[in-house]
Amino acid sequence: MDVQAVKTQSLARYKEERDWFALLAEAAKQMPTSEGELQVKLLEILLDSKQTVVDCVENDKPFIGGYFCNAPELFHAMDLPWFMLMETPFLAASAPYLLNDIEGAEEMGMGTDLCTAIRLPIYYIENGLMPVPTALLGLLYPCDGAPMLHQVIEHNKVWKDVPIYACDPPYTSDERAVQYFAEELSRMVEFLEKHTGKTLDVDRLKQVCEESNRTYSLWQDYNELRRSVPSPHGWAIGGAQAFAISQCFVAGDPRCSAWFEQLCKCAEERVAAGKGASDQEGWKEKIRLFWFDIMPYGWIFEYMPWLESEWGATIVMDMFGNFPYTLIDTSSRETMLHDLAKRNLLDAPMIRQARGTAENFSNDIRRIVTDYKIDCVIWPGHMGHKDGSATIGIMRDTCRELGVPFLHIGLDLFDKRYTSIDEVKDKTSDFFRGMGLA
Amino acid sequence: METRIDSEAFDRFREVTSSIGNSEIEAWKQAGGKVVGYFCSTVPEELFTAAGLYPFRMRGTGSTSTELSDGCFSNINCSYPRHTMNQALLGEYDFLDGLVCINSCDHVRRIYDNWTVRLDTPFVKVMSLPRKIGPPQIDWYYEEINLLRSDIQEHFGVEITDEDLWKAIKLHNEVRALQKKVYEYRKLDAPPISGAEALPVMVAGTAMPKERYKILLQQFLGDLEKLEGSSDYRVRLMIVGGELDDPEFMQVIEEQGGLVVTDSTCFGTRLMWRPIDESVADPVRALASYYIYDRPSCPRMYGDQSRRIDYTKELAKEFRVDGIIGERLIFCDQWLVEHYMTNADLKEDGIPFLQLDREYILSGKGQLRTRVQAFIETIEGMRS
Ligand code: SF4
Ligand code: SF4
């Protein structure tokens, strides 16, 4: 397939995905609540970012491929539109074409033991279904799959001419590691300047980082509110969405802070009225749950509402809603790069837990169980999370120490055929009953 | 395993690799020596030799179950660390005075965390191996090696001078050169040594002190020279993959008529095909450059696939192989995707390729035989 054919085909697919979200936004508009309004705003921001990419492809404007843990404040300050290469499995997991794509990946030899979030982008790259950016920022952490995806990209005949830079993540977490990663980020900026024609202005970066700090302060306030019993919100708002808006779409943008302000307001009202997430849906919070991973995007609507209606189980906290973020010292370029390095190496979800040694798994469990009055921890055991699966003994021991039950399911967060939804529900029900949580 | 090789040295190699503990370790410990285990071929074992320690590369040889380690890992983890950890929990590694782990893959890196929680080996460290191969990464690894050097000095109460390091580097390079000589024999039309026989020779190099191994290897080469070769095979094969220390796997392949004449595996040529540069001023710099850039890499190192495929093709040509087998331990993401690219690249050159997924402890021999047979027939079909 030549470059032009890839451009046409991938654009068609990208538009299809955009339209899928437009449909979801329309559906969200039917929700009469303030939380519904927040969903609509988030989807509109998402649609806007998709439309910008479409415009870049159609009009040959520079745009990049990147990741939430490549310090998106930097691209924002450089006025560089970007999209995430792995976004389809996360964002459009409910899209009608996804299961066919997974089958396509399997036919290519990407079997069921490779993370679906990796095999899907490999399938898209190899089949000309991904927009080809001006330059690409790769990802070499937190799992073995990510660097392999980027090696396939370098190997692909159409993509091999796309300049690519990937920051090297150290395995350690001390100041030396942060400093090294800050230098990697600095080399990343040089790379972007060279290949996109955009420049990084320190004053602009300062402005973006200050806005980003404002967002993160609001997020922290919001997460304090989630400690309330009952929790003002569950899986449907404030967890994964808070992460997506702050790190994937509009990092360091006033729209992002405005969204969080409204989120806080909604939560405050609920807490003041003693209302939980349950009150709007007609169920009562009985179990406070820590879902220690990404949401099961491939079948989220089949499982999460069931947890609530069947068991009164509120996801009070999940891996992506967790807030450990470092605020950025904006006094100089160096301090900003240093703190962005720290945030993107040590704080960003999944990277935080899976990049280095296992202590963050147990530390996060300890902190969240205590702070959020958690009744039980579920480690879904996503088939891609091999390092996490090699940490289940440690997680189980930590939960035992804390006296909270721990469940390991074993599933694919993006593909509901891996473990059937009924089996996941049965395991969950047996666990709640067996542990006396029901 | 049947062998035509009549050599005392070879018998020693087979003895030390047939189980975890071995008589070399016993003798070393009786003389007051210390043993340090390490995972992965990217840990600079020269450092241990320079410190007067016995370097032992971690394996799960002889394991029959993962009953004990199942509490640490889950069923989507690679069987190599699971069996190795199980052996450790059974006490098979109680002889270790230290262990150096590394972030080589998502499975193996968790050995460090589980080991420190469940076992009480006095010195356990983890090294941070970069993912890239450029100058900043060499600098980073240079510091990592120096940090490990200080930790070893402090814990074991030894001094590791630059002179000690150069001595160790020279010794390990001599060993590499001797191992290459063994491989030279495998280039012949009628090699005196099979793949299943060559593997314990290589594994033994990671299971005994290098000085002792070097002497035995010299003896072994002398014995090999006298041995008549065999051309009783149908095709010449190369194995590409990761952690392969089990001669039985090779033997099953060879029983079907596919002689394994070379490899790119981490107990094979990638350990020794290139020497450490002895011309630079700083021995730690020499080690850092070697482990990050100079030695043939594995898929874990990002941005090096084109050099890896060139290396595979070069060896295939040099050893006149008819086909390549890509072996992979189930659940290994790195080798799964690497083999996918290798397959595509070899196809362009018309080199037949077969991917074999396996468990660390050999199982499913029947299926393995069938697949290898079919592969050999395909190669033969292409000839006619
Ligand atoms: S294994 Fe986890 S970290 Fe890696 S790509 Fe899959 S979802 Fe992401
Ligand atoms: S074979 Fe793969 S999963 Fe197993 S230890 Fe090696 S790199 Fe890790």
Side-chain angles (χ1 to χ4, degrees), chain A residues 108-111 113-115 118-119 122 126 138 140-152 154-156 160 164 166-172 176-177 180 183-184 187 354-359 361-362 379 381-394 396-397 408 410, chain B residues 69-78 81-82 85 102-114 116-118 126-132 134 136-137 139-140 143-144 147 299-306 309 330-341 343-345 355 357:
Chain A
M108 281 169 58
M110 301 293 138
D113 61 24
L114 178 66
C115 177
I118 297 292
R119 54 199 176 125
I122 291 182
E126 296 284 82
L140 305 186
Y141 58 135
C143 62
D144 291 340
M148 294 318 296
L149 161 64
H150 294 92
Q151 302 200 66
V152 170
E154 288 190 321
H155 183 260
N156 181 278
K160 74 175 176 354
I164 176 165
C167 291
D168 177 45
Y171 196 58
T172 42
R176 175 176 156 251
Y180 171 78
E183 285 158 22
E184 285 288 281
R187 287 185 274 271
R355 172 196 54 90
T357 54
E359 58 205 357
F361 280 93
S362 30
W379 165 258
H382 170 53
M383 46 70 96
H385 288 162
K386 276 119 183 183
D387 70 292
S389 289
T391 319
I392 48 165
I394 292 172
R396 193 177 289 120
D397 289 351
H408 165 225
Chain B
S69 62
D70 285 346
C72 308
F73 294 90
S74 92
N75 59 358
I76 59 162
N77 287 122
C78 170
R82 292 172 70 190
M85 187 75 195
I102 198 156
N103 55 329
S104 53
C105 75
D106 288 342
H107 312 255
V108 164
R109 65 190 170 102
R110 284 284 173 259
I111 289 264
Y112 168 77
D113 305 278
N114 285 300
T116 45
V117 170
R118 312 233 164 185
V126 61
M127 292 189 84
S128 165
L129 178 69
R131 283 273 183 191
K132 297 197 293 194
Q137 286 68 49
D139 290 347
W140 171 269
E143 288 172 17
E144 281 293 301
L147 286 170
R300 179 215 179 278
M301 302 310 268
Y302 163 79
D304 207 21
Q305 192 270 342
S306 59
I309 189 69
I330 298 167
F331 302 119
C332 177
D333 295 344
Q334 305 186 140
W335 282 104
L336 176 77
V337 181
E338 181 77 359
H339 287 329
Y340 165 78
M341 292 185 277
N343 188 16
D345 291 339
Q355 185 185 318
D357 284 3

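Numbered from 1 within each chain, the chains take letters A, B, ... in sequence-line order. Just so we're clear, the structure is a prediction, and the values are computed from it rather than from any experiment.
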**Message:** Between M148(A) and M341(B), does the side-chain contact (heavy atoms from CB on, under 4.5 Å) criterion hold? Intermediate values first, please.
**Reply:** CA-CA 10 Å; M148(A) 294 318 296; M341(B) 292 185 277; 4.1 Å; yes

**Message:** With side-chain contact (heavy atoms from CB on, under 4.5 Å) as the criterion, how do I330(B) and D113(A) come out once you've worked through the C-alpha distance, each side chain's angles and the decisive distance to 0.1 Å?
**Reply:** CA-CA 8 Å; I330(B) 298 167; D113(A) 61 24; 3.6 Å; yes

**Request:** Step by step, work out the side-chain hydrogen bond (donor to acceptor under 3.5 Å, both in side chains) result for H107(B) and D144(A).
**Result:** CA-CA 9 Å; H107(B) 312 255; D144(A) 291 340; 5.0 Å; no

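A salt bridge links R110(B) to D387(A): one of the charged nitrogens lies within less than 4.0 Å of a carboxylate oxygen.
Heavy-atom pairs under 4.5 Å with chain A were tallied for F73(B), Y112(B), Y340(B); the largest tally goes to Y340(B). When each of Q334(B), M85(B), Q305(B), R109(B) is scored by its heavy-atom pairs under 4.5 Å with chain A, the top score falls to R109(B). By number of non-hydrogen pairs under 4.5 angstrom with chain A, the leading residue of V117(B), N75(B), D345(B), L129(B) is D345(B).
Interatomic distance, CG of D333(B) versus CG of L149(A), reported as 11.5 Å (0.5 Å rounding). Here the CD atom belonging to Q151(A) is positioned 6.5 Å from the CD atom belonging to E338(B), to the nearest 0.5 angstrom.
With a 4.5 angstrom heavy-atom cutoff, R176(A) touches chain B via backbone and side-chain atoms both. Neither the backbone nor the side chain of N156(A) comes within contact range of chain B, judged by heavy atoms closer than 4.5 Å. Neither the backbone nor the side chain of E183(A) comes within less than 4.5 Å of any heavy atom in chain B.
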